[in-house]
Number of protein chains: 2
Amino acid sequence: MSQESDPLTPELARLVLQVADRLRAEFRRAAGRLELPVAQAALLARLEEPTPMRSLAEVLSCDASHVTGIVDGLERRGLVERRAAPKDRRVKLVALTDEGCRRRAELGESYRSGIAPVLALPEEERRALHESLGRVVAGLDEAR
Amino acid sequence: MSQESDPLTPELARLVLQVADRLRAEFRRAAGRLELPVAQAALLARLEEPTPMRSLAEVLSCDASHVTGIVDGLERRGLVERRAAPKDRRVKLVALTDEGCRRRAELGESYRSGIAPVLALPEEERRALHESLGRVVAGLDEAR
DNA sequence: TATTGTTATACTCTATAACTATA
DNA sequence: TATAGTTATAGAGTATAACAATA
């Protein structure tokens, strides 16, 4: 209640959103360099272990039906494959192929080199920023 | 180049994006409380002076043709009106009505009270965060 | 000839509901 | 009866192109 009238809060929000927009743009650019639709790149980036479709929907915070199309696309490109889950035959595990593993690494490098100049700050400031934002994120669940 | 391999950079990006997602969610919630579509709320939030459609497209970073529909909606609700520009009769100025002015203020209050708990940090940390993010945003144009 | 705003159209993204095969 | 994944469909959101009025 005491913070509602603090003029720094909306200003802070504006800055966060502005930086986030640029980071997203850099991800789009990285995906574009690999000629991947953003949705496919986003899934690729988050895929390490073989993972059920359902879990991917949660990670990407989208509907499960949407994941089908994204995985279809990645499978057509030979970057992932669907495997039967050993325990539950309803479940399909999405797993990286060797090529998918390589492309995923490329994507990561491309993205990181894109955002490095954006987040370029003196080392001490970077650490402080990391700590503060970490605190904010840690508080996200309890806020409201 | 020296920062490309700094593991803190992707971590920092992840945090910024996570906070931004939450801020966006709070804006959606504030728009919902006023029963406004997000796009209309976003335009309302940025409208102060009577402004040409074309400029609004730039501010919202979307196509001019899209602005037409958004303004249509706000006009139907009686929150804005189109005025002829005195100097150039091709231009239409979008201006807040009295009711629009009130609703805009409500929206702002609702949003600010929503994000206050998200960005709640000790005062000194808030100022440091503001300064660092301000530096990042200031550097956005020269980065790349 | 160029520009503002509009219209018509299409494409992307995403969600809902109905379906199948398992459990 | 409930769940994982798929399919079909529909609704947002947004862009492109063609157009009318004006510069």
Side-chain angles (χ1 to χ4, degrees), chain A residues 17 20-21 24-25 27-32 34-47 49-77 80-95, chain B residues 17 20-21 24-25 27-32 34-47 49-77 80-95:
Chain A
L17 290 168
D21 276 349
R24 265 184 250 277
F27 186 79
R28 277 197 300 277
R29 212 172 299 181
L34 268 78
E35 297 183 345
L36 282 175
V38 179
Q40 290 181 31
L43 196 155
L44 194 65
R46 291 178 181 259
L47 190 60
E49 299 301 303
T51 308
M53 309 278 290
R54 180 79 27 183
S55 314
L56 289 172
E58 231 169 275
V59 169
L60 301 172
S61 50
C62 72
D63 194 85
S65 67
H66 193 210
V67 177
T68 299
I70 300 172
V71 171
D72 283 350
L74 287 168
E75 205 168 30
R76 247 181 281 122
R77 289 167 201 266
V80 306
E81 58 184 17
R82 281 177 236 237
R83 292 183 195 160
K87 295 291 180 187
D88 185 337
R89 284 192 301 174
R90 291 174 305 180
V91 173
K92 286 173 192 167
L93 299 176
V94 182
Chain B
L17 290 168
D21 276 349
R24 266 184 250 277
F27 186 80
R28 278 196 300 276
R29 212 173 298 181
L34 269 78
E35 296 183 346
L36 283 175
V38 179
Q40 289 181 32
L43 195 154
L44 194 65
R46 292 179 180 256
L47 190 60
E49 299 302 304
T51 308
M53 309 279 288
R54 180 76 30 180
S55 313
L56 289 171
E58 230 170 276
V59 169
L60 300 172
S61 51
C62 72
D63 194 85
S65 66
H66 193 208
V67 177
T68 298
I70 300 173
V71 171
D72 283 351
L74 287 167
E75 206 169 29
R76 249 181 278 121
R77 290 167 200 266
V80 306
E81 58 184 16
R82 281 177 236 238
R83 292 182 195 160
K87 295 290 179 185
D88 185 336
R89 284 192 302 175
R90 290 174 305 179
V91 172
K92 286 174 192 165
L93 299 176
V94 182

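Note that the coordinates shown come from a computational prediction; the quantities given were computed from them, not determined experimentally. Heavy-atom basis, side chains included; hydrogens, waters and symmetry copies ignored. Chain letters run A, B, ... following the sequence lines, proteins first and then strands; every chain starts at 1.
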Please state whether the base of C/dT4 and the side chain of B/Arg54 form at least one donor-acceptor pair under 3.5 Å?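 By the distance-only test, no, there is no pair.
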Counting only distance, no hydrogens or angles, is the base of D/dT16 paired donor-acceptor with the side chain of B/Ser65 under 3.5 Å?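 Answer is yes: a donor-acceptor pair is held.
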Does [X] have a side-chain nitrogen or oxygen under 4.0 Å from the phosphate oxygens OP1 or OP2 of [N]?
| X | N | value |
| --- | --- | --- |
| B/Lys87 | D/dA23 | no |
| B/Thr68 | C/dT6 | yes |
| A/Arg89 | C/dA23 | yes |

In Å and rounded to the nearest 0.5 Å, what is the [atom1] to [atom2] distance from [X] to [Y]?
| X | Y | atom1 | atom2 | value |
| --- | --- | --- | --- | --- |
| A/Thr68 | A/Met53 | OG1 | CE | 4.0 Å |
| A/Leu56 | A/Leu43 | CG | CG | 5.0 Å |
| A/Glu81 | A/Glu75 | CD | CD | 8.0 Å |

Take the protein atom [atom1] of [X] and the nucleotide atom [atom2] of [N], then report the distance between them rounded to whole Å.
| X | N | atom1 | atom2 | result |
| --- | --- | --- | --- | --- |
| B/His66 | D/dA17 | NE2 | C1' | 17 Å |
| A/Leu56 | D/dT6 | CG | P | 11 Å |
| B/Ile70 | C/dT7 | CD1 | P | 15 Å |
| A/Met53 | C/dT22 | CE | P | 16 Å |
| B/Leu60 | D/dG13 | CG | P | 13 Å |

Side chains of A/Leu47 and A/Val59: does their closest heavy-atom pair fall under 4.5 Å?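 They are not in contact (no side-chain heavy atoms under 4.5 Å apart), so the answer is no.
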Non-hydrogen side-chain atoms of A/Pro37 and A/Ile70 separated by less than 4.5 Å: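 Sidechains of A/Ile70 and A/Pro37: no contact.
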Start with the C-alpha gap between A/Arg46 and A/Leu60, add the side-chain angles, then the distance that decides, and say whether side-chain contact (heavy atoms from CB on, under 4.5 Å) holds. CA-CA 9 Å; A/Arg46 291 178 181 259; A/Leu60 301 172; 3.7 Å; yes
For A/Arg77 and A/Leu36, what are the C-alpha separation, side-chain angles and deciding distance, and is it a side-chain contact (heavy atoms from CB on, under 4.5 Å)? CA-CA 10 Å; A/Arg77 289 167 201 266; A/Leu36 282 175; 3.5 Å; yes
Choose from [options] the nucleotide whose nearest atom is closest to any side-chain atom of [X].
| X | options | value |
| --- | --- | --- |
| A/Arg90 | D/dG5, C/dT6, C/dA23 | C/dA23 |
| B/Asp63 | C/dT4, D/dT16, D/dG5 | D/dT16 |
| B/Lys92 | C/dG5, D/dG5, D/dT22 | C/dG5 |

Would you jot down, in residue-number order, the residues of residues 36-43 of chain B having a non-hydrogen atom under 4.0 Å from DNA chain D?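 Nothing qualifies; none.
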5′-ward residue of the pair B/Ser61/A/Val67 relative to DNA chain D: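 Closest to the 5' end, via its nearest nucleotide, is A/Val67.
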